[in-house]
Amino acid sequence: MKTIRLTMAQAVIRYLTAQKVLIDGELKPMFAGCWAIFGHGNVAGLGEALYQVQDQLPTYRAHNEQGMAHAAIAYAKTLNRRQMMACTASAGPGAVNMVTAAAVAHVNRLPVLFLPGDTFATRLPDPVLQQVENFHDHTLTSNDCFKPVSRFFDRITRPEQLLTSLPQAMRVLTDPIECGPVTLALPQDVQTMAYDYPEHFFNEKLHQLRRQAPDQRELEDAIALIRQAKKPLLIAGGGVHYSGALEELDALVTRFNLPVGETQAGKGALPWDHERNMGTVGVTGAASTNALAAEADLIIAVGTRLGDFATGSRALINPNAKLLCLNVASFDAIKHRALPLVGDAKLALALLEAGLDGWQPEGNWIEKAAQLRVQWNHSVDVATTDRGTNLPTDAEVVGAVNRAAGEKDIVVCAAGGLPGELQKLWRTRFDRGYHMEYGYSCMGYELAGGLGAKMAKPDSEIFVMVGDGSYLMLNSEIATSVMLGHKIVMVVLDNRGFGCIHRLQQFCGGPGFNNMLEDCLTVEGGAPKTDFAGHARALGARAEKVGNIQQLEAALERAKASPISYLITLDTDVVNAAEEGGSWWDVAVPEVSPREQVMEARRRYESFKARQLQNI
């Protein structure tokens with residue numbers, strides 16, 4: 001057996017460069033790059049190894065470890081998990097900074113490889129700088145924080161352990177069911193240790209999407225259940241995108257006149273103007289879709305785990321409706337007492353279409369769906385029109401940005417009130433035109449996520465919509481976007497605080513407290529007004545502040561023409577959200593309070609809880 005002597009770090013990087021994927025007939029690297037912020041825990045080991053392969057595996061320097069990991073996650077999401085990136089940071093705070101991003105990837109089931117430096121395996125120089133010592137367990141390090149937010153975790157304490165660990169890491173990263181973040185903690189001394197690795201370990205490996213056909217009995221049961229339905233509603237989730245099942249979904253719902261609602265992750269599965277697309281579903285869903293969900297006798301959930309935002313915390317859907325759940329993961333397919341159909345969406349949807357020949361929903365149901373769709377689209381037109389208000393609403397801003405976006409452009413968002421307005425109001429015909437991180441809804445994802453989306457789709461204009469609160473949490477990758485030449489257009493909506501939670505606080509009977517800057521503890525004179533445009537210019541971007549929607553529309557044209565990242569900021573209304581659409585969300589209200597407003601909110605809460613219990 002021929003061998004090659006490499007350090008452990010060199011072997012990791014050589015193995016990553018050997019992983020390939022076939023996309024549209026073109027052979028591409030599975031790992032499109034490695035994000036790195038070096039420190040004493042990874043600079044001499046992984047840093048040296050990455051330097052040797054810059055032409056095959058580019059190394060991208062970021063300004064914040066969490067931010068670079070968000071960019072890597074957004075890259076994989078934009079490419080439907082077909083390609084991915086790795087991230088490395090030094091032992092200690094640099095590594096732990098990535099833990100939040102690992103949770104983002106875990107919840108959203110997106111692949112990213114974390115390679116955090118770790119403390120010395122030999123322990124000879126202990127305790128070293130930035131080492132977290134545990135009094136009762138010397139095997140624990142701060143990198144153990146990655147364990148609950150990783151799909152696969154390993155600590156490589158011997159170079160030869162890579163021979164079994166790396167194949168398992170790739171299995172998880174590319175598996176349609178287990179897909180998610182992988183963490184390989186790499187002690188800094190072991191990174192530099194050499195071993196005679198078999199040459200065949202580094203042979204090129206081609207990864208292809210595994211498609212699991214559904215069980216024949218489950219398929220027959222699913223077809224029988226659908227045939228009994230008179231008022232069905234299909235809910236399309238993110239799994240439709242990851243399976244590449246867009247054509248099969250279109251064929252099924254068109255042939256059988258199935259109304260379709262989309263989740264946050266599923267949005268774009270059908271073009272917005274498709275005659276069967278009713279809009280989105282749930283807490284921040286379209287009035288049309290939610291009305292159908294409350295009356296449907298069958299919900300066909302495809303590629304979604306039906307989280308609380310999609311189901312209105314289980315109080316939205318008709319409690320007498322039956323539920324069929326098509327999902328590649330049995331873990332998700334059995335949720336909500338559903339009849340499971342476990343399998344790949346692309347395969348299973350085609351089989352359902354073939355098995356349903358001659359079936360149609362009730363005629364009145366088809367007509368009702370069509371009428372509700374027309375009414376909802378009119379509501380969107382009204383909500384997104386410039387009404388000349390003193391302070392523009394989020395809906396008006398969404399409308400302006402949407403009108404500026406081209407056919408293949410992408411909007412990126414993650415947290416606050418904007419995800420709700422965008423889910424209801426953003427219109428896209430491009431299947432990847434809507435990029436929402438709403439599994440973890442991580443504040444700070446937006447700007448870095450926009451960078452990752454641009455790297456994945458360089459020919460698309462990326463519009464990042466972000467509130468002032470989320471912008472202030474994590475904005476450093478604006479400088480990275482300028483440095484790397486990956487232009488993004490940023491629209492910062494400044495309502496002087498955490499407006500979304502302020503509204504939720506008041507809905508739950510509370511007074512304005514600690515969410516808006518005017519309601520929190522400050523020195524005399526209050527919190528300063530942030531100059532977002534000035535800040536973005538300081539990071540190298542072009543920027544301007546506008547005062548109304550008309551000015552915003554003109555600024556968006558200048559932003560589109562700019563060769564570098566461009567930020568536009570405007571003051572917005574904190575109170576008013578789009579009135580149409582939406583449903584209840586289970587946010588617990590105190591049973592006892594001296595405030596009558598809270599007690600009134602509690603009574604309202606209990607009425608919804610009663611409906612929720614019917615769906616348990």
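Side-chain atoms of V489 and V401, non-hydrogen and from C-beta on, never get closer than 4.5 Å to each other. You'll find the side chain of V598 reaches within 4.5 Å of the side chain of V589, heavy atoms only. For the pair C508 and L504, the minimum side-chain heavy-atom distance is below 4.5 Å. Side-chain contact between D573 and T389 is absent, with no heavy-atom pair separated by less than 4.5 Å. Residues D494 and K529 are in side-chain contact: their nearest non-hydrogen atoms beyond the backbone lie under 4.5 Å apart. Two residues are said to be in side-chain contact when any heavy atoms from C-beta on lie closer than 4.5 Å; H274 and V253 meet this criterion. Residues V398 and L422 meet the side-chain proximity criterion, which asks for heavy atoms closer than 4.5 Å. Inter-residue side-chain proximity for V281 and L316 is flagged as met; some heavy-atom pair is nearer than 4.5 Å.
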Test N97 against I37 for side-chain contact (heavy atoms from CB on, under 4.5 Å), laying out the working first.
-> CA-CA 11 Å; N97 271 353; I37 294 180; over 6 Å; no
Given E461 and K560, is the salt bridge (charged side-chain N to carboxylate O under 4.0 Å, His left out) satisfied, shown in steps?
-> CA-CA 8 Å; E461 199 78 77; K560 287 159 62 178; over 6 Å; no
Give the C-alpha distance, both sets of side-chain angles, the deciding distance and a yes or no for side-chain contact (heavy atoms from CB on, under 4.5 Å) between W426 and M436.
-> CA-CA 11 Å; W426 187 268; M436 183 66 63; over 6 Å; no
Under the side-chain contact (heavy atoms from CB on, under 4.5 Å) criterion, do Y471 and L567 qualify, and how do the steps go?
-> CA-CA 11 Å; Y471 178 98; L567 181 142; 3.5 Å; yes
Salt bridge (charged side-chain N to carboxylate O under 4.0 Å, His left out) between K77 and E437, worked out | CA-CA 9 Å; K77 178 179 175 68; E437 190 289 286; over 6 Å; no
Audit row: D332, R109, salt bridge (charged side-chain N to carboxylate O under 4.0 Å, His left out) steps and yes/no | CA-CA 12 Å; D332 295 314; R109 307 190 182 175; 2.4 Å; yes
I would like to know whether D586 and Y605 meet side-chain hydrogen bond (donor to acceptor under 3.5 Å, both in side chains); could you show each step before the answer?
-> CA-CA 8 Å; D586 192 344; Y605 176 76; 2.7 Å; yes
Decide yes or no on side-chain hydrogen bond (donor to acceptor under 3.5 Å, both in side chains) for Q550 and D386, but give the supporting numbers first.
-> CA-CA 8 Å; Q550 186 176 2; D386 177 10; over 6 Å; no
Verdict with reasoning, I366 to R276, per side-chain contact (heavy atoms from CB on, under 4.5 Å) | CA-CA 9 Å; I366 298 172; R276 301 269 66 87; 4.1 Å; yes
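No donor-acceptor pair closer than 3.5 Å links the side chain of T572 to the backbone N or O of D394. Counting only distance, with no hydrogens or angles, the side chain of S470 and the backbone of M443 share no donor-acceptor pair below 3.5 Å.
To the nearest 0.5 Å, atoms CZ (R602) and CD (E606) are separated by 4.5 Å. From T280, atom OG1 reaches atom CD of Q423 across 3.5 Å, with rounding to the nearest 0.5 Å.
Applying side chain to side chain donor-acceptor pair (under 3.5 Å) to N515 and the options Q505, H502, Q506 leaves one that passes, Q505. Residue W35 forms a side-chain contact (heavy atoms from CB on, under 4.5 Å) with just one option from M98, M85, H70, R61, and that option is M85.
Heavy-atom minimum distance, T100 versus Q66: CG2-OE1, 3.8 Å. A pairwise comparison of heavy atoms in M516 and R496 identifies CE-O, 3.2 Å as the closest pair.
Look at K368 and E295 and you find a salt bridge, because one of the NZ, NE, NH1 or NH2 atoms lies within 4.0 Å of a carboxylate O, short of that distance. Salt bridge status for K545 with D571: present, with a side-chain N to carboxylate O gap under 4.0 Å.
Y434 and Q264 form a side-chain donor-acceptor contact under 3.5 Å, judged by distance and modelled atom types alone. Side-chain polar atoms of T304 and T263 form no donor-acceptor pair below 3.5 angstrom.
Using cut-offs of 30° and 60° on the angle between ring planes, the pair F309 and W585 is perpendicular.
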